[in-house]
Amino acid sequence: MKVIDTVARMMTFSRMVRKEGKTIGLVPTMGYLHEGHLSLVKAAKISNDIVVMSIFVNPIQFGPKEDYNNYPRDLGRDEELARSAGVDVTFYPSAKDIYPEGYATYVNVEGLAKGLCGKSRPGHFRGVTTVVAKLFGIVKPDAAYFGQKDAQQAAVIKKMAEDLNMDIDIRVLPTVREADGLAKSSRNKYLSGAGRRDAAILYQSLLRAQSLIKEGEKDPNKVIKTIKAMIKTKGSSRIDYVSIVDPGNLKDVATIKGPVLVALAVFIGKTRLIDNVVVNALSP
Ligand code: PAF
C-alpha cells in the first residue's frame with residue numbers, strides 16, 4: 001500500500017492511473033477506522049482497479065465548540081487496517097495543504113443541508129461538501145463510497161455531485177453495527193461503562209419505530225413520541241432531534257406513506273451520536 005501525503009503527489013498519481021485506463025474508487029474518511037469504513041473499501045474493491053482511502057480530519061466541518069481537537073486519530077492503526085483491507089493508496093494530506101493561506105472557495109448545497117443535523121451543526125455540511133469536492137478534484141475518482149449512517153451527508157453529497165456534473169458515482173452502503181445494534185462510529189471511542197450500554201437504545205428505538213410503521217402507524221408524531229420516550233429512559237441521554245422525513249428531500253412528512261427516513265441525533269453524555277433507518281410504510 002502506498003501512502004501519499006501531499007495534494008500534488010496525489011494528483012500526479014491519479015493522473016497516471018487514469019492515463020493507464022484504470023478506474024479509481026475513493027473512500028473518504030476522517031480516520032480512526034472501523035468496520036463501517038472497511039465495508040466501504042470492500043465494495044470499492046469489487047468495482048474499481050485502484051482504491052484510494054483519504055484520511056483527513058477536516059477542520060472546517062467542526063463547529064467552534066465541537067470535538068475537532070479531540071477527534072480520535074491513530075495513523076499507524078489506520079494504515080494497518082487499510083493495508084489489510086486491500087486499500088491501494090492512503091491519502092493523508094495536511095490541513096495546510098488542503099486549505100493553504102488565502103483559501104476562499106466553499107461549496108454549499110442548499111435545502112438538503114438545512115434540516116436534521118444541519119440545524120444543530122450550522123456550517124457542518126458546507127465543510128463536508130467543500131472538502132469532498134476538493135477530494136474529488138484531487139483524486140479524480142470514478143466512484144466514491146459513503147455510509148448510510150450519515151444519511152443526510154450522503155444525500156447532500158449526491159446532490160452536489162449531480163448539480164455540479166461531477167460525473168462520479170456516489171455509492172451509499174448499509175450501516176455496520178455492533179452486536180447490540182449501536183452503529184459503528186469513530187466517536188464510539190468516547191463511550192464507556194453505562195454510557196456505552198445506554199447508547200444501544202438508539203437503534204432499539206429505531207427498531208420500535210420500524211415495527212410501529214410496519215404495523216400501519218401513519219402519524220409521525222406518535223412514532224417520534226415513542227422513540228423519545230424510550231431514549232429518555234436512559235439517564236445519560238439528551239435528545240438533539242428525532243425526525244421522520246422524506247428520504248428524497250429530507251423534509252418532515254405529515255403522514256407516513258411510502259419510504260420514510262427515521263433519523264435521530266442524541267447526546268450520550270457529551271458524545272453526539274446519529275443513526276437512522278429507512279422504513280417502507282404499508283400501502284394504504
Ligand atoms: O463521514 C466522514 O467521515 C466525513 O464527513 C467525510 C465524508 C470524510 C468528509 O470529511
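When a ligand or atom number is given, it counts from 1 through the structure's own listing order. Sequence positions, counted from 1, serve as the residue numbers for this chain.
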**Student:** Heavy-atom distances under 4.0 Å are what count here, so tell me which part of Thr29 touches ligand 1: side chain, backbone, both or neither.
**Tutor:**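 Only the backbone of Thr29 comes within reach of ligand 1.
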
**Student:** Name the closest protein heavy atom to atom 3 (O) of ligand 1, giving the residue it belongs to and the distance to 0.1 Å.
**Tutor:**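 Looking only at protein heavy atoms, the one closest to atom 3 (O) of ligand 1 is Met30 CG, 3.6 Å.
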
**Student:** Does this structure show an ion pair linking Lys134 with Asp97, if we count only N-O contacts that are shorter than 4.0 Å?
**Tutor:**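 No.
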
**Student:** Quick check on contacts: which atoms of ligand 1 are under 4.0 angstrom from a heavy atom of Val131?
**Tutor:**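 Listed by number with element, the hits are 9 (C), 10 (O).
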
**Student:** Taking atom types as modelled, find out whether Asp78 and Tyr92 have a side-chain donor-acceptor pair closer than 3.5 angstrom.
**Tutor:**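 The criterion, which ignores hydrogens and geometry beyond distance, is not satisfied for Tyr92 and Asp78.
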
**Student:** Run the salt-bridge test on Asp275 and Arg177 with the 4.0 Å N-O cut-off and return the result as yes or no.
**Tutor:**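 Yes, Asp275 and Arg177 are salt-bridged.
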
**Student:** Geometry only, no angles: is Gln61 polar-contacting ligand 1 at N/O separations under 3.5 Å?
**Tutor:**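 Such a contact does occur with ligand 1.
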
**Student:** Going by distance only, is there an N or O of Gln153 that falls short of 3.5 Å from an N or O of ligand 1?
**Tutor:**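 There is such a contact, yes.
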
**Student:** Please find the pair of heavy atoms, one from Leu40 and one from Phe146, that lie closest to each other, and give the distance.
**Tutor:**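 Scanning both residues completely, I find the closest heavy atoms to be CD2-O, 3.6 Å.
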
**Student:** Spell out, as yes or no, whether a donor-acceptor pair under 3.5 Å connects the side chain of Asn276 to the backbone of Val262.
**Tutor:**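 No.
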
